[in-house]
Amino acid sequence: MSGLTVGVLGTGIMGAAMARNLVKAGHVVRVWNRSPDKAAPLEKDGAHLAASPADAVSEADVVLTMLYDGDAVAEVMRQAAPGLQAGASWVQSTTASLESVAEMARFAEEQGVVFFDAPVLGTRQPAEAGQLTILAAGPVEHRTAVEPVFQAVGARTVWTGEDGSAGSSTRLKLVANSWVLAATHGIGEALALAKGLGVDPEDFFGLISGGPLDMGYLRAKGDAILQGRLSPASFAVVTAEKDARLIVDAGRNHGVRLNVAEAGAERFRRAAELGHGDEDMAASYYASF
Ligand code: NAP
């Protein structure tokens, strides 16, 4: 199916790639970004530049938010409100807290739009290739309205529930990210220790090669660290720190202690303090020195 009008709010690493794939799929795409220079290059790809959030969502069948965090979403959607069409669908893909998701769902109800809690798995390259995994929760009877959007940006949609306000997709996303972030710090610390102890990292890779401790993610992030290829980021340190704090808080609010995630948030904070905030989260490595 084609022919939807989609308003994309937030054209950072992920939002820009998603907007391009929506254009490629034949949809009319209206983009807005707080810093206009990040939205401007999308015009040559066929997106329409909007002057404001309200302008971006005017005439939109589907609104896609891909912003930094829940506060940014609340602020931008307040600005978008005068342009929202009653009955439109809102695909909310920013990684946010469960409390923010519940507030967004309330706001959607007030505005007469249909809310989908829809965070994504996958980073810059899968986003550019339209190969994200979308975790989605929202009412069955409205899913056909958003499925063309998911098909354009993703390879797979995992439906987790019918009530977006319960945040079932965000819950699963936070669990998955707790694993990804822990793995990222594990890689950074193992390579930092190797450097400190004078161990050739290739000896470490060779030792675990082909066994259950080996993994593609270790090789990809390990190579990026060793070759100093941390810019442009796939997932920036400052965004990863935000997610780490969401994970720690979600655990705390549900009676779960997450010491590793807490230490990980601190590693990201230190890496950012050392000037690596805009680099890929693999720059957690630098927090060891
Ligand atoms: P990004 O490149 O830093 O983009 C963040 C976007 O949020 C930018 O458009 C930024 O605008 C905007 N923004 C931040 N604060 C704002 C505010 N107060 N008002 C208006 N706009 C604001 O980040 P990203 O990597 O695309 O991530 C976007 C979301 O997807 C995050 O929630 C992240 O956790 C999640 N995510 C990321 C990845 C990944 O691998 N990168 C994967 C899955 C999910 P400016 O350009 O003006 O700063």
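As the structure lists them, so they are numbered: ligands from 1, and atoms in each ligand from 1.
- Contact annotation: the side chain of H254 approaches that of L98 to within less than 4.5 Å [non-hydrogen atoms, C-beta and beyond].
- Side-chain atoms of M14 and V120, non-hydrogen and from C-beta on, do get closer than 4.5 Å to each other.
- Classification of R267 and E241 as a salt-bridged pair fails, no side-chain N sitting under 4.0 Å from a carboxylate O.
- Sorted by chain and number, the heavy-atom contacts of ligand 1 below 4.0 Å come from G10, T11, G12, I13, M14, N33, R34, S35, K38, M66, L67, Y68, A72, E75, V76, T94, T95, V120, G122, T123, K173, S234, F235, T239, K242, D243.
- In plain terms, the two heavy atoms of V101 and G167 that are nearest each other are CG1-CA, 4.1 Å.
- In this structure, K24 does not pair ionically with D45, as no charged nitrogen and carboxylate oxygen lie closer than 4.0 Å.
- In this structure, the side chains of T239 and Y68 come closer than 4.5 Å at one or more pairs of heavy atoms.
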